[in-house]
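Quick caveat: nothing in here was measured; it's all calculated off a predicted structure.
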Amino acid sequence: MLSRIRTFFGTEIDNSPLVLFRMIFGFLAAAESFGAIFTGWVHKAFIVPQFTFTVIGFEWLQPLEGDGMIYYFIIMGTSAIFIMLGLFYRASAFTFFSMWTLVYMMQKTHYNNHYYLLVLLSAAMLLLPAHKSKSLDAKLGFTVGKETCARICHWFFIIQIIIVYTYASFHKIHLDWLEARPLSIWFNYKSSYWLIGPLLQEKWFQYAIAWGGIVYDGTIVFLLLHPKTRKLGFALSIFFNLFNSFVFQIGIFPYLMIGLTVFFFPPETIRKTFFRGKAKVYPIRKKLSLAWTFVLIGYFIFQVLLPVRHHLIKGDVSFTEEGHRLSWRMMLRAKSGTINMYLVDKQSGEREQVVLRDYVSPHQRAALAGQPDMIWQLAQRIKNEKAKEGKEVSVYTDAKISLNGHKRKTLIDKEVDLANVPWESFRHSNWILTYDSYD
């Protein structure tokens, strides 16, 4: 069995889909990088805040000062263009992967699932031979040209997308989503949208999008895999992703998902459509090495298990956020609420309210109320800053959150000193409150 798997994935086939995706990926990665500058996202996320909320444990990883992050994104965008052209490919792919991964780890105020997907895809592009054909590296003699690649180079992306879409569908099977609660909240803010604004307010349409999203996410990969339904799947992919792009304005993610469909088409179809001058390539039977076989098996097992870790943690993940990230829990909750923080001087007993605007930007504050890990990080920062003034303080939080339009509930135990409790990375933090019902 293992031998057959190694032969199937190790066989050399036409690399046209991989080459085409290199161009698509590079273009979209450049658009993401330069677009972040021109839309003001870099300024909002990295320049305005005094500090950023990083992955816990990486608080030292803070943005460059002044306009440093603008130059950072220019370098990153330039490396993406080089990826698209296949110029200095390995160095360019490493530059983009490492810089984007640092961006991902550096801030989570504006967390988006496609940021994580971009980390995974850029890592794959770094390792794969996507520059062996139709690249400046091959044309200039910087690499030995080749028209084939191992079948796993295509199937890596197919398997990854199966995981993404399967969990996107699975996680939507939740009462709030089935009742279109988050969609109704978001769509209510979009009544002025051209042409479809009034339609978005119709309850039947909100239900259609909610239930249709489950069906689409759960079936699209299988429609694309089967030759008889591939064109239908491709058309649905274009419609669904363009709708998401127009309504939700979520950057390059919809276009990246459309671009990934190239791996579902036969390589000869991609060659004939996009590379007419490229000679026909016949499969060359080879075996994938044992080392790479086990590395990939381990990687995909990890990808399958990681998104379900919240089932081992107490509470509703949409409320507590414990196990939410890296899990393809896409657009499942709409949160609103209030947060007040208080510090108590341990020596004098004096209690005062924290002026949040002295510490966080408006966008950070908007995200802060519903994110317990960010609240904990801010408590640690307040504690450390007061320690520099020679004060030892406790920090308490009063945060009330409405999840998907339900009644507001207290998120944090108001009696717990967040400045002096450790962060629990692999289990429930008892100071994050849980509820059997939100009504």
Side-chain angles (χ1 to χ4, degrees), residues 9 15-36 55 73 76-86 89-106 110-132 135 149-168 217 220-221 224 237 241 244-245 250-265 270 292 295-296 298-300 302-304 306-307 325-330:
F9 288 122
N15 64 5
S16 293
L18 180 62
V19 171
L20 177 59
F21 184 71
R22 185 202 77 221
M23 300 174 183
I24 296 171
F25 177 85
F27 175 80
L28 292 176
E32 180 76 17
S33 302
F34 291 118
V55 172
F73 271 74
M76 193 162 60
T78 302
S79 69
I81 292 176
F82 281 18
I83 290 173
M84 179 180 68
L85 299 174
Y89 179 76
R90 295 296 188 194
S92 300
F94 176 78
T95 299
F96 182 84
F97 162 70
S98 57
M99 294 183 77
W100 181 259
T101 301
L102 290 178
V103 166
Y104 175 81
M105 297 177 67
M106 198 183 298
H110 304 268
Y111 178 85
N112 192 308
N113 277 283
H114 91 254
Y115 298 164
Y116 171 48
L117 181 61
L118 205 51
V119 170
L120 300 180
L121 295 183
S122 61
M125 295 304 289
L126 169 61
L127 297 173
L128 299 177
H131 62 310
K132 294 294 185 177
S135 70
C149 66
R151 187 179 275 119
I152 188 59
C153 296
H154 298 167
W155 273 86
F156 173 88
F157 297 98
I158 294 174
I159 297 171
Q160 183 68 70
I161 294 310
I162 289 174
I163 294 171
V164 172
Y165 273 125
T166 299
Y167 278 118
D217 290 341
I220 185 61
V221 170
L224 289 168
S237 179
N241 283 292
N244 281 345
S245 178
I250 47 179
I252 67 168
F253 182 69
Y255 305 97
L256 194 58
M257 300 308 283
I258 293 173
L260 283 163
T261 61
V262 302
F263 293 108
F264 292 89
F265 288 89
I270 301 299
W292 273 115
V295 166
L296 289 166
Y299 170 82
F300 286 120
F302 178 76
Q303 286 292 314
V304 168
L306 188 65
R325 298 187 183 95
L326 314 183
S327 299
W328 313 120
R329 299 182 57 81
M330 294 186 255

Roughly how far, to the nearest 0.5 Å, is [atom2] of [Y] from [atom1] of [X]?
{"X": "Leu126", "Y": "Phe96", "atom1": "CG", "atom2": "CZ", "result": "12.0 Å"}
{"X": "Leu128", "Y": "Phe156", "atom1": "CG", "atom2": "CZ", "result": "7.0 Å"}
{"X": "Ile159", "Y": "Leu296", "atom1": "CD1", "atom2": "CG", "result": "8.0 Å"}
{"X": "Ile83", "Y": "Phe25", "atom1": "CD1", "atom2": "CZ", "result": "5.5 Å"}
{"X": "Thr261", "Y": "Ile158", "atom1": "OG1", "atom2": "CD1", "result": "10.5 Å"}
{"X": "Leu260", "Y": "Leu256", "atom1": "CG", "atom2": "CG", "result": "5.0 Å"}

Verify whether one side chain among Tyr255 and Ser245 offers a donor that lies under 3.5 Å from an acceptor in the other.
yes

Any chance the side chains of Gln160 and Tyr299 put a donor and an acceptor closer than 3.5 Å?
yes

Would Asp217 and Tyr167 count as a side chain to side chain contact (heavy atoms under 4.5 Å, CB included) if you check the C-alpha gap in whole Å, the side-chain angles of each, and the deciding distance to 0.1 Å?
CA-CA 8 Å; Asp217 290 341; Tyr167 278 118; over 6 Å; no

Using the rule given for side chain to side chain contact (heavy atoms under 4.5 Å, CB included), can you reason through Ile81 versus Phe34, listing the C-alpha separation, both sets of side-chain angles and the distance that settles it, and then say yes or no?
CA-CA 11 Å; Ile81 292 176; Phe34 291 118; 3.8 Å; yes

Phe300, CZ: over 12 other non-hydrogen atoms inside 6.0 angstrom
yes

Taking CZ in Phe27 as the centre, count heavy atoms belonging to other residues, nucleotides or ligands within less than 6.0 Å. Is the count above 12?
no

Of all the heavy-atom pairs spanning [X] and [Y], show the shortest one and how long it is.
{"X": "Arg90", "Y": "Pro129", "result": "NH2-CA, 3.9 Å"}
{"X": "Phe73", "Y": "Trp100", "result": "CE2-CZ3, 4.5 Å"}
{"X": "Ala168", "Y": "Met330", "result": "CB-CE, 3.6 Å"}

Aromatic contact between Phe157 and Phe263, with the criterion being ring centroids under 6.0 Å apart: yes or no?
yes

Could you check, using the six-membered ring where one of them is a Trp, whether Trp328 and Tyr165 have ring centers closer than 6.0 angstrom?
no

Residues in salt bridge (charged side-chain N to carboxylate O under 4.0 Å, His left out) with Arg151, at least two apart?
none

With side chains defined as the heavy atoms from C-beta onward, is the minimum distance between [X] and [Y] less than 4.5 Å?
{"X": "Asn113", "Y": "Leu326", "value": "no"}
{"X": "Ser33", "Y": "Met99", "value": "no"}
{"X": "Cys149", "Y": "His154", "value": "yes"}
{"X": "Val103", "Y": "Met76", "value": "yes"}
{"X": "Met125", "Y": "Phe97", "value": "no"}

Pair Met257, His114 - check side chain to side chain contact (heavy atoms under 4.5 Å, CB included), show working.
CA-CA 10 Å; Met257 300 308 283; His114 91 254; over 6 Å; no

According to side-chain hydrogen bond (donor to acceptor under 3.5 Å, both in side chains), who are the partners of Ser237, at least two apart in sequence or on a separate chain?
Asn241

Here's one to test your reading of the geometry: is the NZ or CZ of Arg325 within 45 degrees of the ring axis of Tyr116 and under 6.0 Å from its centre?
no

For a side chain to side chain contact (heavy atoms under 4.5 Å, CB included) check, start with the C-alpha distance between Tyr104 and Tyr111, then their side-chain angles and the critical distance, and finish with the verdict.
CA-CA 8 Å; Tyr104 175 81; Tyr111 178 85; 3.3 Å; yes

Side chain Ser122, main chain Val119, donor-acceptor under 3.5 Å:
yes

